[in-house]
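As structure tokens, the structure follows; a few thoughts come after it.
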Amino acid sequence: MLEVRDLAKRYGDVIALDGATFSAEPGRIVGFLGPNGAGKTTTMRAVFGLIRPDRGEVRWRGAPVGPNERARFGYMPEERGLYPKMKVGEQLAYVAELSGLTRADAKGSVGQWLDRLGLGERANARLEELSHGNQQRVQLAAALVHDPELVVLDEPFSGLDPIGVASLAELLGQTAANGVAVVFSSHQLDLVEDVCQDVVIIDHGRIVVDGVVEELKAAAPRRSLQVDVDGEPWVPVLPSGTVTSKHDGEVRVLVDASVDLDEVLMYARKDGEVTRFTYEPPSLTDLFLEAVSAGRGAG
Amino acid sequence: MSIRRVRLVARREWNQRVRSTAFRISTLLSAAIVVALIAVPQMYGGGVTHTRTVGLVGESSSQVAGLLEASGERAALPVTARTFQDEHAADRALRSGDVDVLLVDRQSLVWKAEADGQLATIVASAVQAAELQRAIEHGGLSPDQQRLLRPPQLASRSLEPVSGERPAREGLAVIGLLLLFLAISVYGSSLLVGVVEEKSSRVVEVLLSRLKPTELLWGKIAGIGVVGLAQFAIVAATALITLQLSHDTQAPATTPATIGWTVFWFVLGFGFYAVLYGAAGSLVSRQEDAQSMTLPIGAVLLVGYLFSLEAIQSPDGVVALIGSFLPPTAPMVMIVRIASGAVPWWQIVLSALLMIGTTFAMVSLAGRVYTGAVLRVGRRVKLAEAWRGAEL
């Protein structure tokens, strides 16, 4: 299990991390979410010893993380980068060897990963000769080629088309199913809602939401309601109050979980023909906004 | 510090660089230049040791032959004589290049094409000496008068031991110095560019999640250093083979020693400067900025070069002595001093130890700058920021 404990980091006047604490377990996918600048990359860099936090520590299987532990970690930084002029196969073998694999094992693993990612034919091509999508795949392979026990991916979904998102999600699912602890970050909360089992939401260097996605949604005090009447968005007037959010022309209303749906539907029918009526747990964005506004209200 | 990871980094540098077109072209070009430097002067007959042959035809006695050789010796131009009975045979020898000039009846010179002024003077003075000798012997002069007419025999001595090879040895040392200067600046800049490339392509973050910054820096220095040595070995071997094949130029006996010393001081000098180049490279993220970072280091290197030029003039002077113990200048000054004469062994040992000590001390300083700066992408990192940023 990866444990991030009370990490704090300050750059001059900017507080990047302010006591971040969470954990990631083998066989599960953690979505490490939050807006840009919330402290996601700083946290990940601290896990890999790329920065030293002012306070706090990172532990793996109960012990502080050092070079030997990190050899069993895989990392895909937000800023993608490999050697543009180096052959793909050699490049992956090189990083695998740096992580401690023997030359023979590295070659074997590279062959398997390239085949798995559909790049078996391109092992001798230079990285710069590959398409953008294939370069992304090689980058991913670089994080996975040494069969790590923990994989940390910084914004792996950014820049991917829907098909790319789906295939990466599938790959991460398979990796976790093999007993690997997977942590990925994203600032697009809704995009990755279905990918992760656990979610850690960070804002201004602090963890504001942490838990199992389904449990968090079920336990949320509000529900998401979308009603259209005569094809137009319709907002109920309720004694418990509502929070309205508009997104891509859609209007969603957060209502109290105890609301009487029959009553709401009845009011809606009075105004015309109901063309849409959805009632579901809140999205991660909703959870995040709730947590942030609650945190600010309390502070 | 893991030696295994340093070796992996070095191996990658070696593989990528040796296979590159740039390496092949620059090696071929250097070898070609060396061959040209050795072979071209010979083709134009400029070699000092090229022996001239004078063909004697007709009424040229064997007396002239002996005088020709003596006369040539005085002019530092080896001359031999060959007597022909038959004018046609002499003609053929001249046309085929076996003889350089024909002296006919002690009166006229026949050349194949252009006249060689120096050789003509030597032949003329030999003929004059022969005429003079005959006049002395047959002129009925008293022994005193005869003695007065003979050229005086001046005794000659030198203050310092004379080695016929001295100019050649110094020339070799200058070549070694130039190679060292070029190799350090070329491979040092190449290291700097490599560091900047890793920053600009962002691969550095992937690497540093797997190894320490100092491991990466040492690996790059070792890898590029070995590439430099390999290129030097190829060029030096080419030079030696060319010297062997060219029949009438001889390499000074100190050639292997000079090559050995050049390698020795390259290893120390490159190590010292490479640390500087590596740290400088970590401060910038763009290739456009890399050029400006090589300038200050190049300036220090140039100071070393100027010191060594002074050391050629006076190898035992104060400047040379000071330069021998300053790490930035020592490699270049020492190459020159060792080639041009005896340097006390303790000076060589002290100089080398000072360099090694300074280099290791600098690695911890430069390693800290490298560590603090190498992950900061974007604008140029200030030295002080890098220093504070490195807490690892």
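The analysis underlying the following values was restricted to heavy atoms, covering all of them including side chains, and did not include hydrogens, waters or symmetry mates. Naming convention: chains lettered A, B, ... in sequence-line order (proteins, then strands); numbering from 1 in each chain.
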**Request:** Check each atom of A/R80 against the heavy atoms of chain B and say whether the ones under 4.5 Å are side chain, backbone, both or neither.
**Result:**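 Just the backbone, heavy atoms under 4.5 Å.
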
At a heavy-atom distance under 4.5 Å, which candidate from [options] has the highest pair count against chain B?
options	value
A/K87, A/K85, A/M86, A/M76	A/M86
A/P67, A/G100, A/A142, A/G74	A/G100
A/F48, A/Y75, A/Y94, A/F73	A/Y94

**Complete:** Here the pair of heavy atoms bringing A/F184 nearest to A/P156 is CB-CG, 3.7 Å

Between [X] and [Y], do the side chains contain an N or O donor and an N or O acceptor separated by less than 3.5 Å?
X	Y	answer
A/E90	A/Y83	no
A/D6	A/T21	no
B/R17	B/Q231	no

**Prompt:** Considering residues, nucleotides and ligands other than A/Q188, do more than 12 of their heavy atoms fall under 6.0 Å from its CD?
**Reply:**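 Yes.
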
**Prompt:** Highest number of heavy-atom pairs under 4.5 Å with chain A: which of B/R12, B/E205, B/R11?
**Reply:**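 Of B/R12, B/E205, B/R11, B/R12 has the most heavy-atom pairs under 4.5 Å with chain A.
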
**Asked** For B/L208, is it the side chain, the backbone, both or neither that has a heavy atom under 4.5 Å from a heavy atom of chain A?
**Response** both

